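Given the structure is predicted, the values throughout are model-derived calculations rather than measurements. The chain is numbered in sequence order, starting from 1.
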Amino acid sequence: MEKEKGKKIGLLKNLAFAPEAREDGKTSEPVEGRFRYFLATFRRNNSLLMLMNLLFIVTLLPLLALTLVLIIMGAEELSYRLHGVTELPYFLSFAGMGYGSSSDVIAAKLDMLDVYSWFFLFAGVAMFFVAIGLAGVMHVCVKFIWQDAFVTKKDNYGNDVPRVVVEFFRGIKKYWWQMLIVGVFLFVLMAGAGNAYVYFVGSIWAGTAGAGEWILVIVTSLAVLFGSVFCMFLLPMIVMYDIGFDKKMRNAAILTLQMPLQNIFLFAITALPFVLIAVVSGFFNVLIVALLLVFGCPFYCLMYANYTQYFAEKIITPVYNAQISRSKKNKKLKK
C-alpha cells in the first residue's frame, strides 16, 4: 500500500510549496467543478477581458504583420525576391512544347521553403513582444480566477468596476523580465521547431529523408509537446507565487511530467484552432482567425490560470499549510 501511494506522489514531493501571492491575503478556497467555474468566470468578465485583449493585440502586431506579408505576397513571390529571381521560371518542359530549358520544380519548391524558414525565425523574435503582453494578461486572468482584489473605479450606479487597463500595465511592470525568459522558450519553440519541420519537409521533397530526419521530427514533436505544456504551467506560476524563478520552473516541469493525460488534453484544446486553420480554407479559416484574435488570448490565459490553480488548490497550498502547521507545533514542543 505504501509503495502504491509512493508511485502516485512521484515527483510531486519535489515541488516548491509556497503561499499564493494574493493581494487580499486570503487563502485558496476549494472550487467544485473547475470547468464550470472557468466558463462562469469567462462569461462574467467577458467585456473586461476584451478590453484587456485590445492592449495585448498591440504586442501581437509584429507577428500579425509578418503573417499578413506572407499571406498577401505569397511564399512564391517572396521566394523570387529572396533569391533575386527577376524572370518567372518555366516549368513545362515535360509537356514537350519545345521551349528549351526549364526550371527544376523541386528546386523551386525548396527555395520556397527558405521563405518559411525565415518566417519562423522572425516569428520567434516576435514572441518576445508577445511575452511582454502576456505579463499583463496573465496578471489580470489570475486575479479573476482568484477573485482577488483589483484596482477599481465607481461606475454610474456606484458599483466597483475593476480597472483592467491599470492592472494590465501593473502586470507588465512586475513580471516583464520573467516573461522575457518565457519569450526565450517561445522563440525556441517557434524558430527551432518550425525550422526543424521545414527541414524535414524539404528532405521529403528532395527524396533524401532518412532515419536521422525521422528521428529529428519525432524528437522535435515531443519537445514541442513538453515545451508547450511547460509554458502553460509556467505562465500562471510566474504570477501566482512569490518565489525564485528557478522554483517556478521546477514546479512547472514537475506538473508537466506528472500529469501527462490531463496535460495532453489541455494541449489538444489549445492546438485545435491552429490545426483547423491549417486544414480548412475560405470563410471558416477567416472566422477561426477572427475568433482567436478577439477571444483567444484571454480565453487561453484564463484556462491556464484555472488549470494551474486546480493543482495549487489540491496539492501545493494544502501541503504548504500542513508544513506551516507542523512547524508551529514543533516550536511549541521545543518551548
Side-chain angles (χ1 to χ4, degrees), residues 9-29 31 34 37-38 41 56 127-128 130-148 167-168 170-189 225-260 262-267 269-270 297-321 323:
I9 294 174
L11 295 170
L12 296 178
K13 63 180 180 293
N14 298 312
L15 288 168
F17 301 101
E20 295 167 349
R22 296 172 182 251
E23 289 193 24
D24 59 12
K26 295 180 181 178
T27 56
S28 180
E29 294 294 331
V31 174
R34 270 284 163 191
Y37 178 75
F38 157 69
T41 304
F56 170 74
M127 288 296 104
F128 289 102
V130 173
I132 293 296
L134 288 174
V137 176
M138 191 56 71
H139 174 70
V140 173
C141 287
V142 167
K143 278 182 166 290
F144 278 135
I145 290 297
W146 277 347
Q147 299 184 36
D148 197 12
E167 292 289 359
F168 178 86
R170 285 183 67 191
I172 291 177
K173 181 180 179 181
K174 192 172 182 179
Y175 304 111
W176 67 270
W177 70 268
Q178 296 183 61
M179 288 296 182
L180 280 180
I181 298 176
V182 176
V184 174
F185 299 144
L186 296 176
F187 171 82
V188 172
L189 286 175
L225 176 60
F226 175 83
S228 299
V229 177
F230 173 76
C231 288
M232 291 175 196
F233 277 116
L234 183 58
L235 286 169
M237 284 279 178
I238 287 174
V239 178
M240 290 171 63
Y241 295 100
D242 188 16
I243 54 178
F245 188 76
D246 57 330
K247 293 180 180 178
K248 296 176 183 179
M249 289 179 59
R250 187 176 75 194
N251 283 2
I254 290 172
L255 291 175
T256 299
L257 294 171
Q258 190 70 22
M259 311 294 173
Q262 301 97 311
N263 294 341
I264 289 173
F265 179 71
L266 184 70
F267 176 79
I269 294 175
T270 302
C297 183
F299 179 88
Y300 284 130
C301 286
L302 199 69
M303 181 172 66
Y304 301 154
N306 182 65
Y307 186 64
T308 305
Q309 178 61 21
Y310 170 80
F311 294 107
E313 178 187 294
K314 298 295 182 182
I315 302 171
I316 298 177
T317 300
V319 173
Y320 173 77
N321 290 337
Q323 289 176 343

Taking T317 for its side chain and E313 for its backbone only, find out whether a donor-acceptor pair lies under 3.5 Å.
no

Residue pairs involving residues 132-147 (criterion salt bridge (charged side-chain N to carboxylate O under 4.0 Å, His left out); sequence neighbours excluded)
E23-K143, K143-D148

Gap separating the [atom1] atom of [X] from the [atom2] atom of [Y], nearest 0.5 angstrom:
| X | Y | atom1 | atom2 | value |
| --- | --- | --- | --- | --- |
| M127 | L180 | CE | CG | 13.0 Å |
| N306 | Y37 | CG | OH | 7.5 Å |
| Q262 | L255 | CD | CG | 10.0 Å |
| F226 | L189 | CZ | CG | 10.5 Å |
| H139 | E167 | NE2 | CD | 4.0 Å |
| S228 | N263 | OG | CG | 11.0 Å |

Does any non-hydrogen side-chain atom of [Y] lie less than 4.5 Å from one of [X]?
| X | Y | answer |
| --- | --- | --- |
| R250 | L15 | no |
| K174 | V239 | no |
| F230 | M249 | yes |
| Y300 | M232 | no |
| L186 | C231 | yes |
| M138 | I238 | no |
| L134 | C301 | yes |
| L234 | V182 | yes |

Output all residues satisfying side chain to side chain contact (heavy atoms under 4.5 Å, CB included) with [X], sequence neighbours left out; order by chain, then residue number.
| X | result |
| --- | --- |
| I243 | A16, A18, Y241, K247, K248, N251 |
| V319 | F17, Q323 |
| N14 | L11, I254 |
| Y310 | R34, K314 |

Return the set of residues passing ring-ring contact (aromatic ring centres under 6.0 Å, His included) with F233 (not counting sequence neighbours), or none when no residue passes.
Y307, F311

Tell me, with the steps shown, if V184 and F128 meet side chain to side chain contact (heavy atoms under 4.5 Å, CB included).
CA-CA 7 Å; V184 174; F128 289 102; 3.8 Å; yes

Pair F38 + F299: ring centers closer than 6.0 Å
yes

